[in-house]
Participant: 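Starting off with a structure, shown below.
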Amino acid sequence: MAEFRVYNSMTQQKEVFKPNVPGEVSMYVCGVTAYDFSHIGHARAAVNFDVLFRYLTELGYKVTYVRNFTDVDDKIIHKANEIGEDPLSLSNRFCQEYLNDMGDLQCLTPTHQPRVSDHMEQIIDMIKQIINNDYAYVVDGDVFFAVEKFPNYGQLSGQKLEHIRAGERVSVDSRKRNPADFALWKSAKPGEPSWDSPWGLGRPGWHIECSAMSAHYLTFKFDIHGGGIDLIFPHHENEIAQSGAACQEGCVSYWLHNGHVTNNNEKMSKSLGNFFTIREITERYHPLSLRHFLLSAHYRTPLNYSVSQLEGASDAVYYIYNTLQECEDALSPFQDGAQKEGAEQNGRTVRITQEAEVLISKLKKEFETKMSDDLNSANILTGAFQDALRFINTSLKPLKKKHPKQQQLYKSLVETMKAVKKVLDILGLLSSLTYSEVVQQLKAKALKRAGLSEDDVLRTIADRTLARKNKDYAKSDQIRVEMEEKGIQIMDVGNESIWRPRVPKEPEQN
């Protein structure tokens, strides 16, 4: 098996992955600030690190995966005050909405999902340690980290201290010794949630939570820290400083960052108002289609959102699940008796065909090569994967005919299906529902996008059938084209016409 290599943002190069403890992996990923529905930029981070979690598990590692919730934050307090809701109640509500979205997107549940509000003791203890080590100072109940005391500040982002200015979100506080110093603890203000501390009532700054919670669940020395590329500075840079100030032996072995989702090549974000929530997308497209789209580019590169790409992802998922359903239906009559997998023919165990053997070997090798190269999911469902699906589709008709190699073909299809499903499972694209149920869900979403009901489509098919019977082929073609423009493909199979979703056809120009 190829060595697993990951791109380490700290060293800016690919490195062979070697965990601190053989056979075990410790991984911390920055989660969401829970004050609204999450957008597809959040979904991209969740899906990509879910694939990493799945792949490491597939490689045989015991993975401790921690993904936090920020449930105490300026944005949460501002939103709560706007709508007259308790901040912790608001954040709890949107934590649950995020978990619902993660379930829809088939992201596995992390080992731990800590919330800031549940870890004040750990946060306060770490701040005390940082102060004791002379890396922070107290001013009027606020605690600031002194960046000049930390000689390696800027090592992850490449920022030089003399060039760093206070973040855009925060106006410069004249009480700071350096404009780049950042808050570890904020003194209480009217109308804000607060907790008791040695410095008086208050709440944590944004950055300290991840240092404290990662240390609590994984110790100060762990394998992987992940998050969006926008977190490199200041968030992850400040985490490194805090953790190093609290424990000099602490370090993260590999820093992994996913690229932005862009809209018209501009970063998608709530502050810019150019975002789509996960919920908005999954109202119109199957969650598997969104997941497929999010995996269509390498996790470190920008991914530009477009309806056409989502349509393409939906079409690809439909083709996969329709193929799996038709293969399962074709194999079901052979599940019993002499046709069972591994059955003997003339006293010999039935082997798969050479064509299937080559296809399966190629699929496994191609998948392993791409995944071991820094989780290169771009185009991973093309090439050998598509060859395997084509083999399944072209083998179904011969399977139904009785011939001497029927058992061999049956076993070849079983083994090819296994290999295809393995790939889908590691990518998180294998649903727990039946193939038929997923196909029906995909068709229902296509109808919703087209603004049609199933009855509407069946009536249209009947109209087209009548036009063909009357040899009015111009009308028949017009009906077909109009439906294609709505994302519905009418197909003639034998003596009947059926329909399936398709990428909407561009209207013909007159």
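Predicted model only: the values in this text are computed from it and were never measured. Just the heavy atoms: all of them, side chains too, but no hydrogens, waters or symmetry mates, feed the values below.
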Participant: So that I can tick it off, tell me whether R480 and D492 are bridged by a salt bridge, with the cut-off set at under 4.0 angstrom between side-chain N and carboxylate O.
Facilitator: no
Participant: What I want to find out is whether D425 reaches K422 closely enough, with some N-O distance under 4.0 Å, to be called a salt bridge.
Facilitator: no
Participant: Find out whether Y435 and D329 are in side-chain contact, i.e. whether some heavy atom of one side chain is under 4.5 Å from a heavy atom of the other.
Facilitator: no
Participant: Determine whether Y217 and Y28 make a side-chain contact, defined as any pair of heavy atoms from C-beta on separated by less than 4.5 Å.
Facilitator: no
Participant: How long is the gap from SG on C95 to OH on Y35, to the nearest 0.5 Å?
Facilitator: 13.5 Å
Participant: Salt bridge check, K443 against E454: does any charged N sit closer than 4.0 Å to a carboxylate O?
Facilitator: no
Participant: With the side chain counted from C-beta on, respond yes when I76 and L90 share a heavy-atom pair under 4.5 Å apart, and no when they do not.
Facilitator: yes
Participant: Taking the ring of F4 and the ring of Y55, is the distance between their centroids below 6.0 Å?
Facilitator: yes
Participant: Rounded to the nearest 0.5 Å, how far apart are CD1 of I240 and NE2 of H235?
Facilitator: 11.0 Å
Participant: Would you list the pairs meeting salt bridge (Lys or Arg N to Asp or Glu O under 4.0 Å) in which at least one residue belongs to residues 25-37, sequence neighbours left out?
Facilitator: D36-K79
Participant: Does any non-hydrogen side-chain atom of Y319 lie less than 4.5 Å from one of N393?
Facilitator: yes
Participant: When you compare the side chain of F275 with that of I40, does any pair of heavy atoms fall below 4.5 Å?
Facilitator: no
Participant: Looking at CG of L381 and CG of L427, how far apart are the two atoms once the value is rounded to the nearest 0.5 Å?
Facilitator: 5.5 Å
Participant: Verify whether one side chain among S243 and S211 offers a donor that lies under 3.5 Å from an acceptor in the other.
Facilitator: yes
Participant: Applying side chain to side chain contact (heavy atoms under 4.5 Å, CB included) to R464 and M483, what does each step give before you reach the verdict?
Facilitator: CA-CA 11 Å; R464 179 174 173 271; M483 294 301 282; over 6 Å; no
Participant: Calculate, to the nearest 0.5 Å, the distance between atoms OG and CD belonging to S412 and E415 respectively.
Facilitator: 8.5 Å
Participant: With the side chain counted from C-beta on, respond yes when R115 and S91 share a heavy-atom pair under 4.5 Å apart, and no when they do not.
Facilitator: no
Participant: Is D50 salt-bridged to R54, cutoff N-O under 4.0 Å?
Facilitator: yes
Participant: Any donor and acceptor pair, going by atom type alone, linking the side chain of K362 with main-chain N or O of A388 inside 3.5 Å?
Facilitator: no
Participant: Between F94 and T33, is there a side-chain heavy-atom distance shorter than 4.5 Å?
Facilitator: no
Participant: Less than 3.5 Å apart, any donor N or O on the side chain of N92 or Q96 sitting next to an acceptor on the other?
Facilitator: no
Participant: Apply side chain to side chain contact (heavy atoms under 4.5 Å, CB included) to the pair L447 and S453, showing each step before the final yes or no.
Facilitator: CA-CA 6 Å; L447 289 172; S453 68; 6.0 Å; no
Participant: State plainly whether the residues K365 and E368 are in salt-bridge range, i.e. N to O under 4.0 Å.
Facilitator: no
Participant: Looking only at heavy atoms, which two atoms of G428 and Q106 are closest? And how far apart?
Facilitator: O-NE2, 2.9 Å
Participant: Please report the C-alpha distance between F69 and Y98 in whole Å, then the side-chain angles of each, then the deciding distance to 0.1 Å, and finally whether the ring-ring contact (aromatic ring centres under 6.0 Å, His included) criterion is met.
Facilitator: CA-CA 10 Å; F69 280 111; Y98 177 80; 5.6 Å; yes
Participant: Between atom CG of N470 and atom CG of L466, what is the distance when rounded to the nearest 0.5 Å?
Facilitator: 4.5 Å
Participant: Would Y299 and I229 count as a side chain to side chain contact (heavy atoms under 4.5 Å, CB included) here? Give the steps.
Facilitator: CA-CA 10 Å; Y299 77 90; I229 195 169; over 6 Å; no
Participant: Determine whether D374 and R300 make a side-chain contact, defined as any pair of heavy atoms from C-beta on separated by less than 4.5 Å.
Facilitator: yes
Participant: Strictly distance-based, threshold 3.5 Å: is any side-chain N or O of Q406 a donor or acceptor partner for the main-chain N or O of L399?
Facilitator: yes
Participant: Decide, yes or no, whether a salt bridge links R291 with D104 under the criterion of side-chain N to carboxylate O below 4.0 Å.
Facilitator: no
Participant: Say whether E482 and Q478, considering side chains only, have a donor N or O and an acceptor N or O under 3.5 Å apart.
Facilitator: yes
Participant: When rounded to the nearest 0.5 angstrom, what is the spacing between OG1 in T323 and OH in Y318?
Facilitator: 9.5 Å
Participant: So which heavy atom on V116 is nearest to which on T70, and how close?
Facilitator: CG2-CA, 3.9 Å
Participant: Under 6.0 Å from the ring centre and within 45 degrees of the ring axis: does the NZ or CZ of R67 meet both conditions for the six-membered ring of F49?
Facilitator: no
Participant: With no hydrogens and no angle check, do the side chains of S306 and S308 hold a donor and an acceptor under 3.5 Å apart?
Facilitator: yes
Participant: I would like to know whether L288 and S431 meet side chain to side chain contact (heavy atoms under 4.5 Å, CB included); could you show each step before the answer?
Facilitator: CA-CA 8 Å; L288 286 173; S431 176; 4.2 Å; yes
Participant: Report the C-alpha distance between K14 and D373 in whole Å, list the side-chain angles of each, state the deciding distance to 0.1 Å, and finish with yes or no for salt bridge (charged side-chain N to carboxylate O under 4.0 Å, His left out).
Facilitator: CA-CA 9 Å; K14 290 180 186 177; D373 182 19; 2.7 Å; yes
